[in-house]
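Since the structure comes first, as structure tokens, the remarks are kept for the end.
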Amino acid sequence: MIKTGFLFFMITLLTQAQTVKVTTGKVERIEKFKSQFVDARNVDVWLPEGYSTSEKYAVLYMHDGQMLFDPASTWNKQAWQVDAIAGKLIAEKQIQKCIVVGIWNNDKKRHPEYFPQKVYPSFSVAQKKLISDELIKRGKIDKEFDPISDNYLKFIVKELKPYIDQTYATYTDRKHTFISGSSMGGLISLYAICEYPKVFGGAGCLSTHWTGIYQNNDNPIPDALISYFKNHLPNPKNHKIYFDYGDKTLDSLYRPWQLKVDVVMKSKGFTKEHWMTQFFEGKNHSEEAWRERFHVPLAFLLRR
């Protein structure tokens, strides 16, 4: 674990004042957070109204960090508007006081960083070629697919989390540490709680991209993912997991796989206290759709 004072000092120097517009609280940006495991990237840290070093806060780590706060700053002019949603729930005392750590994705490395790495060796050479060809055709990668999510999680757990816990007034235990994302971000969130069950107490997986690519037929990925998760889910007594999906655009692919996952969750002893799956009829695969319902997983995972 990297905890040298020099590293933290250098990163702190790069922490800037608020760089995105929010409706409540403030965002501090860490420019180009350096890592020995993955490429440097920006990290946005949202602090709620009244943030004080005399209190302790739960921490929610979120993927695709550049899409979380200010729609004016995103490529598609959509954003989750996490600040407004979390701020409202905190003010209403529906959830614990928390900070949100938005980890920016890395463009063409997003798929490799978010795909559960330990699943990939189970595919044949032909299956790997199919996956690579589809992702290249879709512009998601520009060379042969090679997942690096184990290193991405090491970056979060061994580098980013120690920095956040040293810099901000946080609870550092599993009970107060959560991870969440949508689509591929949903996959990596579930993978994170399976790989690091002592670190993360809850995972929010919105519109989980069970297909990995963009088709249901002739696709080996969903069953391989479900097999891995069946064998690696954390203890249902002290971990919370949230899933959801819609039925429009890309979300229209997910229902059969989510139903299979729900069967696995029940077989592993997850009950409504620690697991929730929600279906949102008529909702598509977009930041606007996730914004509309983000209060649901947030209230489930961080309820007081």
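Keep in mind that the numbers below use all heavy atoms, side chains included, and drop hydrogens, waters and symmetry copies.
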Same apolar cluster: [X] and [Y], side chain cutoff 4.5 Å:
X	Y	answer
Leu187	Trp275	yes
Ile188	Ile164	yes
Trp104	Leu153	no
Leu259	Trp257	yes
Phe37	Tyr61	yes

May I ask you to decide if the ring planes of [X] and [Y] are parallel, tilted or perpendicular, using 30° and 60° as cut-offs?
X	Y	value
Phe123	Phe115	tilted
His111	Phe145	perpendicular
Tyr152	His63	tilted

For the side chain of [X] and the backbone of [Y], is there at least one donor-acceptor N/O pair under 3.5 Å apart?
X	Y	value
Lys240	Phe300	yes
Ser149	Gln117	yes
Ser227	Asp223	no
Lys77	Ala72	yes
Trp46	Thr24	yes
Gln215	Asn217	yes
Asn42	Lys32	yes
Asn151	Val38	no
His274	Pro236	yes
Thr249	His285	yes

Does [X] have more than 12 heavy atoms from other residues, nucleotides or ligands lying within 6.0 Å of its [atom1]?
X	atom1	result
Gln94	CD	yes
Glu281	CD	no
Lys108	NZ	yes
Lys230	NZ	no
Lys283	NZ	no
Asn76	CG	yes

Check your understanding: Considering residues at least two apart in sequence or located in another chain, which fulfil the ring pair (Phe, Tyr, Trp, His ring centres under 6.0 Å) criterion with Tyr242?
Key -> none

Check your understanding: Taking only residues two or more places apart in sequence or in another chain, which ones pass ring pair (Phe, Tyr, Trp, His ring centres under 6.0 Å) with His239?
Key -> none

Review point. Looking only at heavy atoms, what is the nearest atom pair of Thr208 and Gly186, with distance?
Key: CG2-C, 4.0 Å

Review point. What are the two closest heavy atoms between Ala192 and Ile179, and how far apart are they?
Key: CB-CD1, 3.8 Å

Exercise for review: Begin from the C-alpha positions of Tyr57 and His176 and carry the test ring pair (Phe, Tyr, Trp, His ring centres under 6.0 Å) through to its verdict.
Suggested key: CA-CA 8 Å; Tyr57 296 79; His176 297 91; over 10 Å; no

Practice item. Report the C-alpha separation of Arg110 and Asp64 in whole Å, then their side-chain angles, then the decisive distance to 0.1 Å, and conclude whether the side chain to side chain contact (heavy atoms under 4.5 Å, CB included) test is met. Key: CA-CA 9 Å; Arg110 179 177 182 269; Asp64 297 313; 2.8 Å; yes

I need the [X] [atom1] to [Y] [atom2] distance, nearest 0.5 Å.
X	Y	atom1	atom2	value
Lys128	Asp133	NZ	CG	14.0 Å
Lys97	Ile95	NZ	CD1	11.5 Å
Met62	Ser182	CE	OG	7.5 Å

Practice item. Using only heavy-atom distances, determine whether the side chains of Asp150 and Tyr191 contain a donor-acceptor pair under 3.5 Å. Key: yes

Exercise for review: Give a yes-or-no answer on whether the side chains of Asp262 and Thr277 include a donor-acceptor pair shorter than 3.5 Å.
Suggested key: yes

Beyond-backbone contact of [X] with [Y], side-chain heavy atoms, under 4.5 angstrom:
X	Y	answer
Ile241	Leu233	yes
Leu130	Ile213	yes
Ile156	Ile103	yes
Glu113	Asn105	no
Asp44	Leu68	no
Val27	Asp83	no
Val264	Phe229	no
Tyr245	Trp210	no

Point to revise | Lys26 charged N/C atom sitting above Tyr51 aromatic ring, 6.0 Å / 45° | key: no

Check your understanding: Checking side chain to side chain contact (heavy atoms under 4.5 Å, CB included) for the pair Asp70/Val22: CA distance, chi angles, key distance, verdict?
Key -> CA-CA 6 Å; Asp70 181 7; Val22 291; 6.0 Å; no

Practice item. Only pairs at least two apart or in different chains count here, so list each salt bridge (charged side-chain N to carboxylate O under 4.0 Å, His left out) that has a residue in residues 170-179. Key: none

Contacts table for residues 195-207: side-chain donor-acceptor under 3.5 angstrom, sequence neighbours left out:
unit_1: Glu195; atom_1: OE1; unit_2: Lys118; atom_2: NZ; d: 3.0
unit_1: Glu195; atom_1: OE2; unit_2: Tyr228; atom_2: OH; d: 2.4
unit_1: Ser207; atom_1: OG; unit_2: Asp251; atom_2: OD1; d: 3.2
unit_1: Ser207; atom_1: OG; unit_2: Asp251; atom_2: OD2; d: 2.7
unit_1: Ser207; atom_1: OG; unit_2: Trp290; atom_2: NE1; d: 2.8
unit_1: Ser207; atom_1: OG; unit_2: Arg293; atom_2: NH2; d: 2.9

Practice item. State which residues pass side-chain hydrogen bond (donor to acceptor under 3.5 Å, both in side chains) with Glu134; sequence neighbours excluded, sorted by chain then number. Key: Lys137, Arg138

Exercise for review: Test Val82 against Phe69 for side chain to side chain contact (heavy atoms under 4.5 Å, CB included), laying out the working first.
Suggested key: CA-CA 6 Å; Val82 169; Phe69 302 109; 4.0 Å; yes

Exercise for review: Output all residues satisfying side chain to side chain contact (heavy atoms under 4.5 Å, CB included) with Arg291, sequence neighbours left out; order by chain, then residue number.
Suggested key: Gln81, Ile85, Glu288

Exercise for review: Please test Asp244 against Val296 for side chain to side chain contact (heavy atoms under 4.5 Å, CB included), starting from the C-alpha separation and ending with a verdict.
Suggested key: CA-CA 10 Å; Asp244 72 24; Val296 180; over 6 Å; no

Exercise for review: Could you check Ile141, Leu135, Asp146 and say which one makes a side chain to side chain contact (heavy atoms under 4.5 Å, CB included) with Pro112?
Suggested key: Ile141

